[in-house]
Amino acid sequence: MLVIPCPYCGPRCEIEFSYGGQAHIARPEDSAAISDETWADYVFLRDNTKGVFLERWVHAHGCRQWFNVARHTVTYEILASYETGAKPPKLDFVTQV
Amino acid sequence: MTRYSIFSLLRNALNYHEDWPRAWRSPEPKSSYDVVIVGGGGHGLATAYYLAKNHGITDVAVIESGWIGGGSTGRNTTIVRSNYLWDESAALYEHSLKLWEGLSQDLNFNVMFSQRGVMNLAHNQHDLREISRRINANRLNGIDSEFMTPQEIKTFVPIIDLRAGGRYPVLGASIQRRGGTARHDAVAWGYARAADALGVDIIQQCPVTGFQIENGRVRAVETGKGTIEAKKVGIVVAGHSSVLAGMAGFRLPIHSLPLQALVSEPVKPVLDTVIMSGAVHAYISQSDKGELVIGAGVDSYVGYGQRGSLPVTEETLGAICELFPMFRRMRMLRQWGGIVDVCPDASPILSKTPVEGMFINCGWGTGGFKATPGSGWAFAQTIANDMPHELNAAFSLDRFRTGYLIDEHGAAAVAH
Amino acid sequence: MTQSFRLPEGGLIDRSHRLGFRFDGRDYMGYAGDTLASALLANGVHLVGRSYKYHRPRGILSAGAEEPNALVQLGEGARSEPNLRATQIDLFDGLRARSQNRWPSLNFDIGALNNGLSRFLPAGFYYKTFMWPASFWMKYEYIIRHAAGLGEAPRERDPDHYDKTFAHCDVLVVGAGPAGLAAALAAGRSGARVILAEQDSILGGSLWSGSGETIGGEPVQEWIATTRRELEGMEEVTILTRTLAYGYFDHNFVALVERVTDHLSDRPAALPRQRLWKLRAKQVVLATGAIERPLVFADNDRPGIMLADACRTYVNRFAVRPGKKAVVFTNNESGHLAALDMAAAGINIAAIVDLREDPMGSASERAEAAGLRVVPGSAVVGTGGQRRVKQVHIARLNADGTQALAAGETLDCDVLAMSGGWSPTLHLFSQSRGKVRFDADLGCFVPGASAQAERSAGACNGAFGLSDCLAQGFAAGKQAVKDAGLKIGRQAGATPRAGNDDFLPARWTWEVPSDKPSGRAGKAFVDFQNDVTANDLKLALREGYQSIEHVKRYTATGMGTDQGKTGNVNAIGIVAAAQGREIPDVGVTTFRPPYTPVTFGVFAGRDVDGLLDPNRKTPIHSWHEQAGAVFEDVGQWKRPWYFPKAGESMSQAVKREVKATRESIGIMDATTLGKIDIQGKDSAEFLNRIYTNAWSKLAVGRCRYGLMLNEAGMVIDDGVTARLDDFHYLMTTTTGNAAPVLAHLEEYLQTEWPDLDVHLTSVTEQFATATIAGPNARALLAELAEGIDLAPQALPHMSIRDGRVAGIDARIARISFTGEMSYEINVPASCGLALWQALMTAGAKYGITPYGTEAMHVLRAEKGFIIVGQETDGSVTPIDLGMDWIVSKKKDFVGKRSLTRPDMIKSDRKQLVGLLTDDPKEILAEGAQLVERVLPAPPMPMIGHVTSSYESPNLGRSIALALIKGGRARMGQKVQASLANGGTIACTVTGPVFLDPEGTRLND
């Protein structure tokens, strides 16, 4: 059971959080101008990294804030958490895919 | 291939079982094959078998990074059914179920397909409507499917508590009597043995490290045992589909999530069918050995760790204890995790890929085991003919662009 | 029966506290401090079970968690429990147990026929047969299933309850043997918050198995007592006995199960039976000890054949002689220790058969000095005896120990103590993702690199001398405190000192050589519980099952309830030898949780008997109950489904409710609808982006209906949102979607549009809502309302005002889901019941009629209003619903782009239509599938399905809504609904609005 460091509340147990998938995916600004393919990529395609993954979590049963986490998807080690909109921290880990 | 039978068993007993041949060879890979199947799970081995059997393509290698059947094939809860809502799914799973019905004889390997019935419980009015819709659709698709009233359920499964503690009362169920369970390891071994007998090379301990792609066409597979040239490559690596697709330079709309399952200690027969409840995310059957085999939900986050978390165990066993209050004193013997590749519409991908000569079979989510024969059948045809079989035409990668989704979690309410 | 095998003195039992118990119908006596196993042995009972496959007689092999044989059914009736290890059951007065997997009796078991047929039942035989005729598998399976299984599941509801608790600590120490006690002492003395968890009922672990040892000059028994007192005196130290650390999860999370009352004959009802500890530890010390291995030789499974250290434990801890005359068979020093202790307890030691050519070590020297007969360089190659071992056959080995020479002498005995070396208990370490490595000298796997904040100490870390155990434990305790980042304020003191003999040297032979060709001698069991022999393993290898995981699965070795605690390393050794490989190359199978089986109930905890999920009830719920409402579950809410009067059927009640609402006035509890308060200057823009329609021009005091999509373009929710002020809106959602919709809004707000000034608050629980609908709604409200003009021009349809109703502050929305003039009266939740009662009282003259969700469904269906989740299923767009009018062409919104994908604009998509049966009395079944033409047999192409279907009392006929392929182009066409019984109902496709399409009633 993970301990997730909420940037606002501190470390909390995973059962307080909900998952939000890959971080740093921007919604297309002018969706009418893009192809079906580009749109489908935005809606459905996400990295599915085996290794360090930048992902979104929300402290659903806490402060209700969304934030980002750098987590290794094999060891489940959490390397960093940071606020939505912030740049990811520099990580030494090599991402496998 | 030495045929297995009661007679061969007796004959070998006289010789202290010292003369049994190997179920499959362990060859070193050749330098090239017509078809290389990446992934020695049930689906990959079935694909190889049907390539050889149905299409006469025997210059085939199945390469497996570990040991065959060691991924999702050996980690699932062995439920087989075909009562899916949408026509496309129903056709694929029903074809699979028909193959299951003769599989032990076809492979000459007892996969212990036990048609003990699969029940899906309804706990509220919404569930009842959805079950009724699915039963009607199944029936018109020629798939056996019946409604059971609570009284009928109680007769069929006397140990169930229809009140379920009062929170999730059982208001009805669908039952597919032709559904059931099978012995998961035997499916991998049976396909391996039968494919091997037709000339397929099964190469274990052979991880794939990359693909050689020239002018958009696959040329060879790089492996731990050297480069293997291939005219065609089929990728069937549940749990690692994105990783392999990444090596080939394309992406998949897949999330790899941890799914856990558990068994109780073995007890004398107490549950003679398979019970599933989408509302409380639990399913349960009893293995021939006597263990209660229980499937739990998935953890919500991407994970390749092959382990589940405690909260999911708690939720699942909480639900089982409500449906079967007598099982509260049963004990969990073993729990384990697997990796499931989940598509946004909870339906699989059996498709050509952006790389010519390369095909992918993935995204079965929590329900791939039941599809093993049908998936292999359709995928073999797709590879052999370079175009999808009618059974899997709808399960293309392209559907996410066109919007032709086959959304099985929306309506079926049971994704397993 | 007398305890004729009980020693007159010694042991950790209370002879003044006699306990009566019953096994297989016979009464026995034991003492407090006994386990069921030790008490049975004290009474000379060795035969306690039958094996799984061959039904061979089996006895007690071990004295602990590793026991594969002595599994019993404990208790009776609702408290019956299968497969419990007799070696771990604390004896209590009145205990009832029986043997398992035998019929008709343990002594005479029909199933033992399998043993005679065993030659035809090798590993995996079932994969090769039972295939003909194909249809017979279910019959074969029936027989197989009834032969399999061990004990019996309880047949009644478990009357006990279970509990859960969370805990945090600086240092968790697992295991309270010498290493664990030393670790706890060191950590505790430094002031750390320590939890010491021990599966046994007592502290001390292996120290109780030995004899004559001292720690720091004190006898070990006294050292344990002193240590316990010191630990108990530390405020921050918690000692949990009878507590199994069963699983090691991510982020140093360890799950433990405490057996609270299982060992008591009188169990206080207030106490939980067991308790799940969900523990987060900063650091963990694993001091889980080691498990002795059996030797693998022919007929090594007869009752009376026991692990050597278990024999010591029974003698020293329980003061029980396992027999009168013993043979010891060993490949290391442990056998000699057992021989010495048994001899001291008056057991005649016939011989110590030692696989080693030249036994040396302190124990063998002592054995020699004590005049015990040692037979070196020899092996036990067979045993005799039906229900108890009676003889052993021994043979001399060749020089390199690989072959047995001609059979030698036969020794009489009633117990055979064996030691094949030791295996560290690596389960938790491995579960923590630590990597194990093979230590060739120790002949076992030991911990390698750690993956989490833990360290191993003592025997589980390959330290088998007592001094090493204590030193490792003490050092681990100190290091854990340091690694936890605690400042060590106090001194841990000096490491306890003791002697340091271990079990080495040893001679590793994984399968004891036999004087007969492989397979011709008796069965040499590797896995006792699953009846897997060395030959079975070799058969699997011959057949190509080469991976250790394949061998395990093909033979089922290590898959019994003991999970191979005694057998797995032997199996790996035998496989390696057969393959000509080194053990590290073969590898280990996965150690899966739990360490020993854990009760289901403890995972459910208190979340049973209706508490699996919250039941949400509105403030008006008690009124509904008194009115005799029948409820339905909608999400977590209990909603009145209908309000039957005495003698009324559901259909009659619903008809009455529907008619009353259309004709006069109905009242419904709408509290459960989700309510989200939206504030901030960008609220309108936010709604523009979230809903398909435009919100910028909605005036203050007005309401608008909205449809919400996901990015795939599918409808996920709908509801009415009101503008309360310039920058203040109140959104309503469907009952089941309140939480998901709020989460959806927050996600977009925070992650996509953080620049928007919008604030969201769920206010579902803050309001109670009564909806009154019908021609007399305004008249009734006028009687009770203050400070609000109800005139149609002042408060038209789709508008909202604040005022007072029945003296209660209220927010009144004139909106309608029924097609009638309708007011939703929102009041503070605490006033909901008062409002309802006031409306009922004042409405009596109009015959005000409470209606439930079913009547609501009929009323809205008459108007063609959709229900999300009924007319939609996650695959339906607004266009499919014919709701283009609400989809903005100008602005962007979530899901808009998806609506123009190729498959979204096809004309043959399923579209919402009305359906009228040709026979107005016939009511379609919801979920019925629709076809153009009925074929004689399936498959039949389906064109859609019925989403809603009701008897409409206002229209005097049945009505239905359906999703049909290209439905809007089929108006007036006939379709057939296919019935479950094979029949069909002919219907005509119509528009979905059946009543008052102009909306005059609601605009009145």
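So you know, we letter chains A, B, ... as the sequences are listed, proteins then strands, and number each from 1. Every value quoted in this text rests on a predicted model; they were computed, and no experiment measured them. These values consider heavy atoms only, across backbone and side chains, with no hydrogens, waters or symmetry-generated copies.
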Practice prompt. May I have the step-by-step check of side-chain contact (heavy atoms from CB on, under 4.5 Å) for B/M112 and C/Y127, ending in yes or no?
Written response: CA-CA 8 Å; B/M112 303 182 191; C/Y127 299 125; 3.8 Å; yes
Practice prompt. Check step by step if side-chain contact (heavy atoms from CB on, under 4.5 Å) holds for C/R155 and B/V270.
Written response: CA-CA 9 Å; C/R155 284 282 173 175; B/V270 66; 4.0 Å; yes
Discussion item. As a quick check of understanding, evaluate side chain to side chain donor-acceptor pair (under 3.5 Å) for B/R129 and C/Q870, giving each step before the final call.
Written reply: CA-CA 8 Å; B/R129 269 193 293 273; C/Q870 189 160 337; 3.2 Å; yes
Fill in: Chi angles and distances behind the side-chain contact (heavy atoms from CB on, under 4.5 Å) call for C/Y126, B/D288
CA-CA 11 Å; C/Y126 30 78; B/D288 286 349; over 6 Å; no
Worksheet item: Does the side-chain contact (heavy atoms from CB on, under 4.5 Å) test come out yes or no for B/D161 and C/R157, once each step is laid out?
Response: CA-CA 9 Å; B/D161 178 5; C/R157 168 181 292 264; 2.7 Å; yes
Discussion item. Applying ring pair (Phe, Tyr, Trp, His ring centres under 6.0 Å) to B/F113 and C/W137, what does each step give before you reach the verdict?
Written reply: CA-CA 8 Å; B/F113 178 45; C/W137 169 244; over 10 Å; no
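Side chain of C/Q929 to main chain of B/R133: a donor-acceptor pair is present (N/O by atom type, distance under 3.5 Å, no hydrogens or angles). B/Q105 contributes a side-chain N or O that, together with a main-chain N or O of C/M131, makes up a donor-acceptor pair within less than 3.5 Å. Of the possible donor and acceptor atoms, none in the side chain of C/Q563 sits under 3.5 Å from a partner among the backbone N and O of B/R334. Here the side chain of B/H126 pairs a donor or acceptor atom with the backbone of C/G869 at under 3.5 angstrom. The backbone N or O of C/E926 lies less than 3.5 Å from a partner atom in the side chain of B/S132, making a donor-acceptor pair. Distance alone, capped at 3.5 Å, places no donor-acceptor pair between the C/R119 side chain and the B/L10 backbone. Distance alone, capped at 3.5 Å, is enough to place a donor-acceptor pair between the B/K268 side chain and the C/A148 backbone. Judged by distance alone, with hydrogens and angles left aside, the side-chain atoms of C/R553 form a donor-acceptor pair with the main-chain N or O of B/G74 at under 3.5 Å. Put simply, the side chain of B/R139 gets close to the backbone of C/L979: a donor and an acceptor are under 3.5 Å apart. Here the side chain of C/R145 pairs no donor or acceptor atom with the backbone of B/K289 at under 3.5 angstrom.
For C/E156 and B/R329, the salt-bridge test fails: no basic side-chain N is under 4.0 Å from an acidic carboxylate O. Looking at B/R328 and C/D609, a side-chain N of the basic residue comes within less than 4.0 Å of a carboxylate O on the acidic one, giving a salt bridge.
Taking the ring centroids of C/Y545 and B/W67, they lie at or beyond the 6.0 Å cut-off.
With a threshold of 4.5 angstrom between heavy atoms, B/A192 does not approach chain C through any atom at all. When heavy atoms are compared at a cutoff of 4.5 Å, B/L171 does not approach chain C at all. Only the side chain of B/L292 comes within contact range of chain C, judged by heavy atoms closer than 4.5 Å. At a 4.5 Å heavy-atom cutoff, the contact between B/D87 and chain C is made by side-chain atoms alone. There is no contact between B/R25 and chain C, counting heavy-atom distances below 4.5 Å. Proximity to chain C (any heavy atom under 4.5 Å) is restricted, for B/V280, to the side chain, taken from C-beta onward. Interface residue B/Q204: only side-chain heavy atoms are found under 4.5 Å from chain C.
For the set C/W641, C/F600, C/F125, the entry with the most heavy-atom pairs within less than 4.5 Å of chain B is C/F600. Chain B forms more heavy-atom pairs under 4.5 Å with one residue of C/S898, C/P82, C/P594, C/G247 than with any other, namely C/P594. Among C/L84, C/N101, C/L276, the residue with the largest count of heavy-atom pairs under 4.5 Å with chain B is C/L84.
Screening B/H123, B/R167, B/Q125 for a side-chain contact (heavy atoms from CB on, under 4.5 Å) with C/D633, the sole residue that qualifies is B/R167.
If you check the side chains of C/D613 and B/Y168, you find a donor sitting under 3.5 Å from an acceptor.
Under a cut-off of 6.0 angstrom, the local environment of OH in B/Y404 is sparse, with at most 12 non-hydrogen atoms contributed by other residues, nucleotides or ligands.
Residues passing the side chain to side chain donor-acceptor pair (under 3.5 Å) test with B/E18 are C/R520, sequence neighbours excluded. Residues forming a side chain to side chain donor-acceptor pair (under 3.5 Å) with C/R79 (at least two apart in sequence, or on another chain): C/D160.
No side-chain heavy atom of B/N110 sits under 4.5 Å from any side-chain heavy atom of C/T129.
In this structure, the separation between OG1 on B/T2 and NZ on C/K128 is 10.0 Å, given to the nearest 0.5 Å.
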